[in-house]
Number of protein chains: 2
Amino acid sequence: MRGDPVTREPRYRQIAEELRHAITEHAYGPGGKLPSEGALAERYEVSRGTIRQALMLLRHDGLVTSRRGTRRVVLDDAPVQEFAQMQSFARWARSIGETPEGRVIRQGWHSADPDERRQLRIDADARVLRVVRLRLLSGRPAMLERTAYPEALGAIVETLPADTVSVTEFLEQAGVFVADAEHTIDLARADPQDAALLGCAVEDPLLRERRRSTDPAGVPLEWSEDRYLPGSVAFVVHNSLASTPMTRQHMVPVVRDSG
Amino acid sequence: MRGDPVTREPRYRQIAEELRHAITEHAYGPGGKLPSEGALAERYEVSRGTIRQALMLLRHDGLVTSRRGTRRVVLDDAPVQEFAQMQSFARWARSIGETPEGRVIRQGWHSADPDERRQLRIDADARVLRVVRLRLLSGRPAMLERTAYPEALGAIVETLPADTVSVTEFLEQAGVFVADAEHTIDLARADPQDAALLGCAVEDPLLRERRRSTDPAGVPLEWSEDRYLPGSVAFVVHNSLASTPMTRQHMVPVVRDSG
DNA sequence: AGATCGAAGTTGTATGGCCAACACCTAGTT
DNA sequence: AACTAGGTGTTGGCCATACAACTTCGATCT
């Protein structure tokens, strides 16, 4: 029963997938107990360490608890999106049954501003490709994306047709992979460009997500500011004692000059 | 009372703390390389496995990359908040040098609505304690919090004075610990109560965070909806191929009636 | 009835080992 | 000069073991 010589997923990931599937299919139910590590190790014919690696994945995704002395408990039934889905607007849109579209509104090379230099970790004289992209869900404007790419990546992105649906998927084919992303979420007001393209009024509130993505080596790939029309999207985050990927950030109130 | 009756931190956590400290003190710099696992194992006189556990923590917090073949690279210099800080408004406020305050606006027992029943995993006939709390930063209103507690926890919370600064810290002393939390972030409009208490206009946009916290056993502890005045807070999330605690959530657009 | 103790079951911490997969550099080849 | 092959260093995957710390539950004792 082999004949499967292709890119083999590590065993612990296969097992995690199976368990994840069982959980989202309500095999245990919220609050239900998983089998013990030992029992799972026997069932899958692997060592306890491999089972632990698999369960650690589910733990970090917030699907199960983990506590000394008792079996693991199912926290949540809901299927968790892959990282790849969070990373790509197009993939996410398709997964919820909508048709994603993208239109380049503006595109051009500029010398990097201080913010871009810090985020993309590039020199003062380096240039970036700035792209403004309108994203649509089944024909309706949903989000406006303003992205800065460093020189090397910009050279690739520049060649894409203006209506490319998924930049991420194209870049993957070119061998560019996103491994990490940091997101800052807050609220912004629509500027005239936002308003014109998203079809709202100037000063209307928008959900803002600023994001820096990096490749597996830790090299910044993009620095982007996305503005979503409210009511169509929410961000869901899980954190725990076992992993703390979420923080609050204080924003110093803007001091109005008094004269 | 002998020498060291306290709970000892595991070795890998101690090592993670030291490395975390070294990173935030810019000992390696963003893009810098960490020593190899073997070198660290020798320095700390532990096995490679222990070092790997320590580095895993930093990996999940988004401080370093992790890639086969090369040494780990520092992704970010910024200090990461503890889970405990994200979980408690008061602790967070103090960590940024502000004085937290809290005032109970309303408090009372109600029979749980369907949403509360699902989130808190309780029966149809169960009651919840609903508490509306205004949170202030150094005297200025910052956030309005509407929380539902299940019966057992409500009985404790109910006894607290109306101006308790940190509910979380009180509960910890009572032996109640939060281990997991799931946050949903989007945008909301101020209702009359929001407006009156936060000092904004009705329909003004607010940053909304809905949160369900659970204890180490996976039992829901609270279901809360927090509304922040914009401009004072942002949420920062890290996710990666190694851990995917963040997802987008689709919200079905509200159909406007056309007549 | 209620409290205490202890055994069984379970996960956490740590060690040690082995090989595979991969990145990176160097030396040699073309 | 450009390309190739190989060697070295490094992390990933997996195994086996041992003991510690903790939860739970039943039995025993008061």
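Note on naming: letters A, B, ... go to the chains in the order of the sequence lines (proteins, then strands), and numbering restarts at 1 for each one.
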Partners of A:D61 by salt bridge (charged side-chain N to carboxylate O under 4.0 Å, His left out), sequence neighbours excluded? A:R20
According to salt bridge (charged side-chain N to carboxylate O under 4.0 Å, His left out), who are the partners of A:D115, at least two apart in sequence or on a separate chain? A:R118
In whole angstrom, what separates B:R59's CZ from D:dG12's P? 9 Å
Going by the salt bridge (charged side-chain N to carboxylate O under 4.0 Å, His left out) test, which pairs reach into residues 83-96 of chain A, not counting sequence neighbours? A:R91-A:E169, A:R91-A:E172, A:R94-A:E169
Give every residue pair that meets the ring pair (Phe, Tyr, Trp, His ring centres under 6.0 Å) criterion with at least one member in residues 33-64 of chain B, sequence neighbours excluded. A:H60-B:H60
Mind checking what makes salt bridge (charged side-chain N to carboxylate O under 4.0 Å, His left out) contact with B:R52, not counting sequence neighbours? B:E37
Classify every nucleotide of nucleotides 6-17 of chain C by which part a protein heavy atom approaches to under 4.0 Å, writing B for the base, S for the sugar-phosphate alone and - for neither, in 5'-to-3' order. ---BBBBBSB--
